[in-house]
Amino acid sequence: MGGATLDDLFESHARDDGTPCFKTPAYVYDLDGISASAAEFIAGFGAVSHLVAYALKASTSGPIVRALSDVGCGATVVSGGELSVALASGIPAEKIVFNGVAKQDWEIDLAIGTGTRGILGLHVESVEEVERVRARARALGRRARVGIRVNPDIEADTHQKVATGHDEAKFGVPVEDLALAWEEISTAPELDLVGLSCHIGSQLTQTTEMLRSVELLLGMAREREVSGGRLEYLDFGGGFGIDYGGMREPPPPPAAFAAAIARRVADSAFADRLVVVEPGRCLVAPHGVLCASVVLAKRTRAAVVPRRWLVLDTGMNDLVRPAMYGAHHRVEPMRAAPPGPGEGLPFRVVGPVCESSDDFGEHRFTEPLPSRVLLRDAGAYGFTMASEYNGRPLPTEIFLSKGVVSAARRPRLVEGWVDEQIRM
Ligand code: LLP
């Protein structure tokens, strides 16, 4: 995405064709790109029976969830809110798994009470949670389909804030407690033990760690089934990394991850079971950009290091990843091509928020400076993590299909935001 058509969305002159005009900051998504990424990823599994359960935490916006549902994706959810969006977007209950360390009674009820037999699997993350799910199934007079999320104790090579499968993490049942959890679920008359799952972290850049977790999960499944019970599915989680630009070793394409997992499972005693994966980022991040206007360009001349700054109307309130994880997002002129290597001048690109971490890093620009820029690969964990910090209402979302606007979420206006604060 980029070029004249994107810029046109924000032109303020009157339009003959009635196309709506938007204001920055705005997330713009290419729904066709999202569908194509999902189709490619799905194809990577070949003949192995699979379910690509899109992790809604990456983006819960209806047009995106519907696009993924239309190409056959299921859903991975972590709250009753996400579960409701998945169901209302047309994802069948039997294609949904539910993770989370703190599921509340109403969320458990929604998961096991929906459809004829509830969702595909409610993943317990502790031995203690088994009793809670059992009590809810009893109260509803339903059977609950339960999976166990195992913490495989793998230190994934990613940012420490998104590594989830090591022994210090709050997630999953530790390997040592797996036999106990298995026993408790298998002997409960209200529960059906249907799956084993794990998720070792996000933005994984190699297949090696993912395959290690596949190996471990296969081993655990084999060992546990000897003691009785038969699993319907094995769920290897999400975490398929993408290239945010400038990476020394970009990750393999998601379909290569899929093919590697499929090959390993096809060669195992579990070749006839359903393989579930939970990708979020790789399906949507590359197909979303955050569009912003340049408020001003300034120079600090007297400082120890003289600097040029590009100050935008968007910041960590709209896209928190750089401030939170030191993440890199390419910042480019909206209309012109980005400067080639060595061209242009370095600018420190920052937002309006009163924190030094409100900083998108150094990027090069040529004169004349752009009036609007885009931040690339912002489709996942962008809008869903946005806040109204510093009195800045949530940004616009614009969804493109076949190059035209097919849906939009209008921002809450500043007036509405002010009203909400003072009415209480
Ligand atoms: N399944 C589970 C159990 C997860 O915890 C996650 C992500 C996923 C699947 C999807 O992972 P993905 O394929 O998107 O990597 N806010 C961070 C990412 C946090 C991911 C949390 N869990 C970021 O902006 O990088």
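Whatever order the structure lists them in is the order used to number ligands and atoms, beginning at 1. The model shown is predicted, which means the values in this text are computed figures rather than measured ones.
For ligand 1, the polar-atom distance check against G239 finds a nitrogen or oxygen pair separated by under 3.5 Å. Here's the thing with N99: none of its N/O atoms is less than 3.5 angstrom from an N/O atom of ligand 1. Between Y325 and ligand 1, a contact under 3.5 Å exists for at least one N or O pair. For ligand 1, the polar-atom distance check against T76 finds no nitrogen or oxygen pair separated by under 3.5 Å.
Residue contacts with ligand 1 for R281 involve both N, CA, C or O and side-chain atoms from C-beta outward (heavy atoms, distance under 4.0 Å). At a heavy-atom distance under 4.0 Å, only side-chain atoms of A55, from C-beta outward, approach ligand 1.
Contact annotation: G237 has no heavy atom less than 4.0 Å from any atom of ligand 1. For R149, the closest heavy-atom approach to ligand 1 falls below 4.0 Å. Residue contact check for ligand 1: A58 places no non-hydrogen atom closer than 4.0 Å to it.
Heavy-atom neighbours of R212 CZ from other residues, nucleotides or ligands within 6.0 Å: at or below the threshold of 12.
For D377 and H329, the side-chain atoms include no donor-acceptor pair closer than 3.5 Å. Under 3.5 Å, the side chains of Y389 and E355 contain a donor-acceptor pair of N or O atoms.
Counting the atoms of ligand 1 from 1 in the order shown, those under 4.0 Å from a heavy atom of E278 are 1 (N), 2 (C), 3 (C), 8 (C), 9 (C), 10 (C), 13 (O). Here is the list of ligand 1 atoms found below 4.0 Å of a heavy atom in M385: 16 (N). The G280 neighbourhood of ligand 1 comprises atoms 12 (P), 13 (O), 14 (O), with distances under 4.0 Å to a heavy atom of that residue. Interface atoms of ligand 1 facing P279, defined by a heavy-atom separation under 4.0 Å, are 13 (O).
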Without placing hydrogens or testing angles, list every side-chain donor-acceptor pair under 3.5 Å for residues 241-257, not counting sequence neighbours.
from : atom 1 : to   : atom 2 : distance (Å)
D243 : OD1    : G245 : N      : 2.8
Y244 : OH     : R281 : NH1    : 2.8

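Between the CH2 atom in W106 and the CZ atom in R136 there is a gap of 13.0 Å [rounded to 0.5 Å]. In this structure, CG on L191 lies 10.0 Å from CD on E184, to the nearest 0.5 angstrom. T76 OG1 to E278 CD: the interatomic distance, rounded to the nearest 0.5 Å, is 3.5 Å. For the atom pair E129 CD and I185 CD1, the distance stands at 9.5 Å (nearest 0.5 Å).
Among residues two or more places apart in sequence or in another chain, the side-chain hydrogen bond (donor to acceptor under 3.5 Å, both in side chains) test is passed with D318 by T314.
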